[in-house]
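First comes the structure, then the notes that go with it.
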Amino acid sequence: MKTLSTQVAIIGAGPSGLLLGQLLHKQGIETIILERVTGEYVLGRIRAGILEQGFTELVREAGVGERMDQEGEVHEGFIISDNGNCTHIDLKALTGGKTVTCYGQVEITRDLMAARAAADLTTYYEASNVQPHDVNSSQPYITFSYQGEDYRLNADYIAGCDGFHGISRKTIPAHLRTEHERVYPFGWLGVMSDTPPVNEELIYCKHERGFALASRRSATRSRYYLQVPVSDKVEDWSDEAFWEELKRRLPAEAAAQLITGNSIEKSIAPLRSFVCEPMQYGRLFLVGDAAHIVPPTGAKGLNLAASDVATLYKLLTRVYREGDTACLQQYSPIALRRVWNGERFSWWMSNMLHNYTGMEVSGMQGETFSRFMDSELHYYLNSENGRKVIAEQYVGLPYEEPL
Ligand code: APR
Ligand code: PHB
């Protein structure tokens, strides 16, 4: 068994693990990252692409904002189509100047991987049997296998950045954690295509046939989604069928602009709201998808991971600079306050925009629930205060500073 040691051991090289590693490195704190799959595999996972302003600032603070600032698109607003009637959510005007940036998660991950490699920081890709031990003691460690050899990694702290299916959350004894979950009765079928997007801004479409989203990655790359039954299989959806259905759900002006082409990626994702409380156990801290999942309707998944990272990196910096270990107790309460807000917003947007016909929800028939949600959406879109409520949360609430 080979023995290694570091200050902060990070499990998972997704955006959470890589961003945390980079920010800690900037503060002179040493990390080792253990990742189950290859770097190429991580980059092959297509995820969302809307970054809150707070996130872009954090990426710049980490010293990896250059390409994001060059290639990312600043979006000053987005559109909500209610069965073809469009309302512009003018983020900039409604929030006193805030905007979001459209830049794929894959690109952020690529930039963070490049920065980690350039700084010669250690990442073990294809590490297997990763297992944290003694996390509730002062000497936690992780065992893992790499290229046929067994390793022990000693660390002061462990950051569980290993996503929803990771090992870290399960390391917290079951009787000490509470998991809250809602699984939605539909999924999103996503298509990426190298075709010019229908619109410069995103269009969230509520439609009687089901929700649709017109998103983008650049002037030449589109990302579209359709609400589909969870039982649907990707194979059931030819490109032609996808484009036809999307066209029906888009507002007429956008449908007229739709340029179709071959899909370069097509997948179905289930929709889930999930929170694990607390997000800390001894010297183990859960970060990002390891602790919480949101449905993608509010574009909050990656952004909530970023606020966890911001909080943890500030607290760990204080530990190493000032020896103040007590401050770490603030991590879970601070992170969870923002997480629950993002959960509530994503759940609310999902409820307002999807079609629940034929499904039971909140103890009532989908048809009845839909009436409440039709009215809710109508009210919020037709009141400036309502649009402000949507805009304020879409651009992201400020990060809470530790005491
Ligand atoms: N050992 C090592 N690595 C693991 C293990 C394990 N047992 N289990 C999972 N991993 C790795 C995964 O392979 C993955 O690369 O952890 C990483 C987790 O990355 P993500 O799932 O992308 O999660 P996170 O980094 O928290 O990213 C934030 O929020 O809503 C989403 O789309 C958003 O994916 C984004 C996420
Ligand atoms: C995306 O571009 O993939 C995307 C954008 C906004 C969302 C969800 C996904 O709300």
Side-chain angles (χ1 to χ4, degrees), residues 9-21 33-52 55 73 75 78 80 100-106 108-109 112-113 123-132 142-146 158-171 188 190-192 197 201-204 211-218 221-225 265 267 269 271-274 286-309 339 342-343 345-346 349-350 353 394:
I10 298 176
I11 307 176
S16 299
L18 289 168
L19 183 58
L20 180 65
I33 302 187
L34 307 178
E35 166 59 53
R36 189 170 50 82
V37 298
T38 63
E40 296 81 72
Y41 190 93
V42 172
L43 291 175
R45 291 190 292 230
I46 311 272
R47 300 273 175 85
I50 294 290
L51 313 180
E52 293 174 353
F55 185 14
E73 299 177 341
H75 283 207
F78 68 92
I80 298 182
V100 294
T101 299
C102 185
Y103 186 63
Q105 176 178 323
V106 175
I108 285 279
T109 309
L112 285 163
M113 280 170 77
T123 308
Y124 288 86
Y125 283 99
E126 297 188 275
S128 55
N129 304 320
V130 173
Q131 181 64 54
I142 301 174
T143 52
F144 67 100
S145 309
Y146 178 70
I158 298 175
C161 304
D162 48 353
F164 183 63
H165 299 288
I167 184 75
S168 298
R169 186 174 67 251
K170 293 166 200 143
T171 307
W188 276 21
V191 158
M192 186 85 90
E201 292 183 342
L202 270 60
I203 313 177
Y204 289 80
F211 172 79
L213 171 61
S215 181
R216 53 189 282 143
R217 290 292 176 274
S218 70
R221 181 167 285 190
S222 303
R223 180 69 167 158
Y224 297 111
Y225 297 95
E265 197 264 356
S267 54
L271 266 65
R272 184 194 304 273
S273 298
F274 176 88
L286 302 182
V287 180
D289 277 18
H292 43 79
I293 297 286
V294 287
T297 323
K300 288 287 166 252
L302 179 59
N303 292 299
L304 289 179
S307 53
D308 292 352
V309 168
V339 164
E343 291 281 347
F345 178 65
S346 308
M349 290 284 278
S350 300
L353 296 174
Y394 195 83

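Whatever order the structure lists ligands and atoms in, that order sets their numbers, starting from 1.
- In this structure, the protein non-hydrogen atom closest to atom 2 (O) of ligand 2 is S215 OG, 2.5 Å.
- Within the 4.5 Å cutoff, side-chain heavy atoms of I108 are placed close to those of Y103.
- Taking a 4.0 Å cut-off on heavy atoms, C161 registers as neighbouring ligand 1.
- Ligand-side atoms of ligand 1 in range of L302: 29 (O), 30 (O), 31 (C), 33 (C), range being under 4.0 angstrom from any heavy atom.
- The single protein non-hydrogen atom nearest to atom 26 (O) of ligand 1 is S16 OG, 2.7 Å, given as residue, atom name and distance.
- With distances taken over non-hydrogen atoms, the option nearest atom 7 (C) of ligand 2 out of Y103, Y204, F78 is Y204.
- Every atom of ligand 1 is numbered from 1 in the order shown, and the set under 4.0 Å from a heavy atom of V37 is 13 (O).
- The shortest separation from a heavy atom of R217 to ligand 2 is under 4.0 Å, placing the residue in contact.
- You'll find the side chain of L202 reaches within 4.5 Å of the side chain of H75, heavy atoms only.
- Y41 OH: 12 or fewer foreign heavy atoms inside a 6.0 Å radius.
- Under a 4.0 angstrom heavy-atom cut-off, P15 registers as being in contact with ligand 1.
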Decide yes or no on salt bridge (charged side-chain N to carboxylate O under 4.0 Å, His left out) for K300 and E52, but give the supporting numbers first.
-> CA-CA 9 Å; K300 288 287 166 252; E52 293 174 353; 2.8 Å; yes

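- Ligand 2 places these atoms under 4.0 Å from at least one heavy atom of L202: 5 (C), 6 (C).
- Note: E126 CD to S145 OG = 12.5 Å, rounded to the nearest 0.5 Å.
- Here R36 has heavy atoms under 4.0 Å from ligand 1 in both its backbone and its side chain.
- Contacts of A290 with ligand 1, taken as heavy-atom pairs under 4.0 Å, are absent altogether.
- Of all atoms in ligand 2, listed by their number and element, those nearer than 4.0 Å to a heavy atom of T297 are 10 (O).
- Counting protein heavy atoms only, atom 11 (C) of ligand 1 is closest to E35 OE1, 3.3 Å.
- Ring geometry, Y204 versus F211: the interplanar angle falls from 30° to 60°, so the pair is classed tilted.
- In V42, the part holding a heavy atom less than 4.0 Å from any atom of ligand 1 is the side chain.
- Closest to atom 8 (C) of ligand 2 among all protein heavy atoms lies P296 O, 3.3 Å.
- Distances below 4.0 Å separate heavy atoms of R223 from the following atoms of ligand 2: 3 (O).
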When you look at D289 and H165, which way does the side chain to side chain donor-acceptor pair (under 3.5 Å) test go after all the steps?
-> CA-CA 9 Å; D289 277 18; H165 299 288; over 6 Å; no

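- Residue-ligand proximity, A299 to ligand 2, at heavy-atom distances under 4.0 Å covers atoms 6 (C), 7 (C), 10 (O).
- Ligand-side atoms of ligand 1 in range of G163: 18 (C), 21 (O), 23 (O), range being under 4.0 angstrom from any heavy atom.
- With a heavy-atom cut-off of 4.0 Å, I11 touches ligand 1 through its side chain alone.
- For atom 19 (O) of ligand 1, the closest non-hydrogen atom on the protein side is G14 CA, 3.6 Å.
- Between the SG atom of C161 and the CG atom of L286 there is a distance of 9.0 Å, given to the nearest 0.5 Å.
- The closest donor-acceptor contact from the side chain of R169 to the backbone of F164 lies under 3.5 Å.
- Salt bridge absent: E201 and R216 never bring a charged side-chain N and a carboxylate O closer than 4.0 Å.
- Closest to atom 7 (N) of ligand 1, if we only count protein heavy atoms, is I167 CG2, 3.7 Å.
- Within the listing of ligand 1, atoms 1 (N) sit less than 4.0 angstrom from a heavy atom of V130.
- In this structure, Q131 contributes its side chain and T143 its backbone to no donor-acceptor pair below 3.5 Å.
- Contact annotation for D289 and ligand 1: heavy atoms of both the backbone and the side chain come within less than 4.0 Å of the ligand.
- Annotation: atom 9 (C) of ligand 1 to nearest protein heavy atom, D162 O, 3.0 Å.
- Side chains of S215 and Y224 form no contact here, defined as non-hydrogen atoms less than 4.5 Å apart.
- The side-chain heavy atoms of S222 and M192, taken from C-beta on, include no pair separated by under 4.5 Å.
- Checking only distances, R45 does come within under 3.5 Å of ligand 1, N or O to N or O.
- Close contacts of ligand 1 with L34, meaning ligand atoms under 4.0 Å from a residue heavy atom, involve 2 (C), 3 (N).
- The G288 neighbourhood of ligand 1 comprises atoms 26 (O), with distances under 4.0 Å to a heavy atom of that residue.
- Note that the CD1 atom of I50 and the OH atom of Y394 stand 4.5 Å from one another [nearest 0.5 Å].
- Remark: N129 CG to I167 CD1 distance equals 9.5 Å, nearest 0.5 Å.
- The nearest heavy-atom contact from the protein to atom 3 (O) of ligand 2 is Y225 OH, 2.5 Å.
- The part of A305 lying near ligand 1 is the side chain, judged by heavy-atom distances below 4.0 Å.
- Nearest protein neighbour of atom 32 (O) of ligand 1, counting heavy atoms only, is Q105 OE1, 2.9 Å.
- How far CD of E35 is from OG of S128: 12.0 Å, rounded to the nearest 0.5 Å.
- By the 4.0 Å N-to-carboxylate-O rule, R223 lies close enough to E265 to be salt-bridged with it.
- D162 places a side-chain N or O within 3.5 Å of a backbone atom of S168 that can act as its donor or acceptor partner.
- The shortest contact between atom 34 (O) of ligand 1 and any protein heavy atom is with R47 NH1, 2.1 Å.
- Close approach to G166 involves these atoms of ligand 1, each under 4.0 Å from a residue heavy atom: 8 (N).
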